[in-house]
Amino acid sequence: CYQWKAKKQCNHRVLVGYMSSERPLKFVTGTKKYKHVTTTAIPRLEYRDPKAEELIQAGQPVIITGSDLVGSAYHWDLDYLCANLGNGLYTVYSSRNGKFKYYDEKKVSNVPSFQPPTSHTDMTFQDFASKLKRKDNSNWIYLQQPLNDTVGPRIEMDFKGFNWDFAYRQMKRNRWGPLTSNLLLVGMEGVITPAHYDEQENLFAQIQGYKKFLLFHPDQFECLYPYPIFHPHDRQSQVDFDDPDLKKFPQFPKLKGYEGIVGPKDVLYIPMYWWHQVESLEGHGETISCTFWFKAAPTEKVVYPLNAGQKVAIMRNIEKMIADTLKDNKNMPHFMKTMVQGRYS
Ligand SMILES: O=C(O)C(=O)C[C@H](CCCc1ccccc1)C(=O)O
Ligand SMILES: [Zn+2]
């Protein structure tokens with residue numbers, strides 16, 4: 001049935017069913033829909049389909065099937081990871097409401113009133129797995145840990161067995177920079193990573209469970225109101241999708257984007273600067289994912305007109321310069337308003 005969905009280019013009310021040996025046929029109807037958020041389906045294409053390559057080269061999101069990018073990890077499940085990840089410590093985030101809005105600890109000192117929305121501790125994978133099984137709805141947990149050489153020999157072998165050919169072919173063909181990291185993500189059902197953008201290209205590989213992605217083009221910047229650059233939540237949207245403050249964020253209802261569900265063996269290309277929100281779907285067990293982040297392609301020759309991502313990069317540089325020069329972030333709103341009101345507005 002999951003294959004059926006693949007062919008039918010699922011839309012909002014997603015009827016996700018799947019047949020697999022160890023579980024009975026399960027249908028999970030749809031996922032939460034947000035008011036004001038208009039989406040169409042992310043294309044879903046076989047990795048050999050030239051159209052898939054075209055979309056990646058055009059910096060457009062696409063769900064790629066059949067690449068086996070992490071084929072040597074399809075057998076990863078909680079028990080296997082417990083038995084083979086060794087006894088290294090893993091970073092586990094905790095949240096009271098299931099939302100894991102990332103924050104940069106180095107910027108917390110810039111905002112004295114900042115209240116971290118999540119906490120994190122380091123623990124063995126075994127501890128994490130036992131907490132996962134004792135699902136308690138007031139404490140949501142999410143393991144997010146770069147894969148490094150502390151993992152056990154079996155995991156290292158699986159990691160070496162990734163389809164690096166495919167990964168490096170994408171890197172070369174699209175002139176991305178070097179691979180910087182692979183983040184192992186193990187999430188409790190229902191956890192949400194709220195809307196944010198990253199400054200790297202990302203091949204997001206799904207190993208277990210189902211994740212629903214919302215993606216928005218960088219030109220949706222005006223609808224998503226990112227935090228100030230010096231704020232710990234830099235790169236995250238200020239808008240609470242569950243309860244948007246339309247007085248503060250009047251353009252939010254104009255938001256248009258894409259949505260898609262990635263299941264085991266799928267790979268989603270998340271272009272740099274594209275906003276995305278990620279939800280681990282209930283009813284399909286914990287999610288296991290692995291990211292492949294690549295540095296940006298170097299800009300040899302600036303071509304006009306600039307694209308939306310380039311404009312975000314320029315806005316970030318200007319905002320950083322103003323913050324560094326004014327020293328006091330409180331002066332920024334007035335300084336920037338003075339620059340445009342009555343002159344450019
Ligand atoms: O792969 C991505 O870009 C995602 O956003 C996936 C997301 C977890 C992101 C964790 C993270 C931590 C620090 C910086 C950027 C992202 C999920 O799958 O829940
Ligand atoms: Zn991200």
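Numbering of ligands and ligand atoms starts at 1, following listing order. Each residue takes its place number in the sequence, starting with 1. Just so it is clear, the structure is predicted and the values come from calculations on it, not from any experiment.
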**Message:** Assess whether a salt bridge exists between Lys295 and Glu201, defined as any Lys/Arg side-chain N lying under 4.0 Å from an Asp/Glu carboxylate O.
**Reply:**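 A salt bridge is absent here (no side-chain N lies under 4.0 Å from a carboxylate O).
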
Identify the closest protein heavy atom to [atom]: which residue and atom is it, and at what distance?
| atom | value |
| --- | --- |
| atom 6 (C) of ligand 1 | Phe204 CE1, 3.7 Å |
| atom 3 (O) of ligand 1 | Asp198 OD2, 2.8 Å |
| atom 8 (C) of ligand 1 | Thr193 OG1, 3.8 Å |
| atom 18 (O) of ligand 1 | Lys211 NZ, 2.9 Å |
| atom 4 (C) of ligand 1 | His276 NE2, 3.8 Å |
| atom 17 (C) of ligand 1 | Tyr142 OH, 3.1 Å |
| atom 10 (C) of ligand 1 | Gln144 OE1, 3.6 Å |

Any chance the rings of [X] and [Y] have centres within less than 6.0 Å?
| X | Y | result |
| --- | --- | --- |
| Phe204 | Trp293 | no |
| Phe213 | Tyr258 | no |
| Trp164 | Phe292 | yes |

**Request:** Within a distance under 4.0 Å of any heavy atom of Thr291, pick out the atoms of ligand 1 and give their elements.
**Result:**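 Those atoms are 1 (O).
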
**Asked** Which of the atoms in ligand 1, numbered in the order shown and given with their element, are less than 4.0 Å from a heavy-atom of His196?
**Response**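 Within the 4.0 Å cut-off of His196, ligand 1 contributes 5 (O).
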
**Request:** Could you note down all residue pairs passing side-chain hydrogen bond (donor to acceptor under 3.5 Å, both in side chains) where residues 219-228 supplies at least one of them, sequence neighbours left out?
**Result:**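 Qualifying pairs: Lys101-Tyr227, His217-Asp219.
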
**Request:** Any pair with a residue in residues 87-113 that passes ring-ring contact (aromatic ring centres under 6.0 Å, His included), sequence neighbours left out, goes on the list, sorted by first then second residue, please.
**Result:**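 For residues 87-113, and leaving out neighbouring residues, the ring-ring contact (aromatic ring centres under 6.0 Å, His included) pairs sorted by first residue read Tyr93-His120, Phe100-Tyr142, Tyr103-Phe114.
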
**Message:** Please name the atom of Asp198, limited to N, O or S, that comes nearest to the Zn ion (ligand 2).
**Reply:**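 Nearest N/O/S atom of Asp198: OD2.
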
**Request:** Ignoring hydrogens, just give me the one of Thr91, Val191, Asn202 whose non-hydrogen atom is nearest atom 1 (O) of ligand 1.
**Result:**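 When every heavy atom of Thr91, Val191, Asn202 is considered, Asn202 comes closest to atom 1 (O) of ligand 1.
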
**Asked** Below 4.0 Å from any atom of ligand 1, is there a heavy atom belonging to Trp293?
**Response**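 Distance cut 4.0 Å: Trp293 passes for ligand 1.
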
**Request:** Select one of side chain, backbone, both or neither to describe which atoms of Thr287 lie under 4.0 Å from any atom of ligand 1, heavy atoms only.
**Result:**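 Neither part.
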
**Prompt:** Which class fits the ring pair Phe128 and Phe125: parallel under 30°, tilted 30 to 60°, perpendicular over 60°?
**Reply:**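 Answer is perpendicular, since the angle exceeds 60°.
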
**Item:** Heavy-atom closest contact (Ser109 atom, Lys106 atom, distance)
**Value:**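 The answer is OG-O, 3.9 Å.
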
**Request:** Answer yes or no: does atom CG of Asp328 have more than 12 heavy-atom neighbours from other residues, nucleotides or ligands under 6.0 Å?
**Result:**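 For Asp328, atom CG is crowded (more than 12 foreign heavy atoms under 6.0 Å).
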
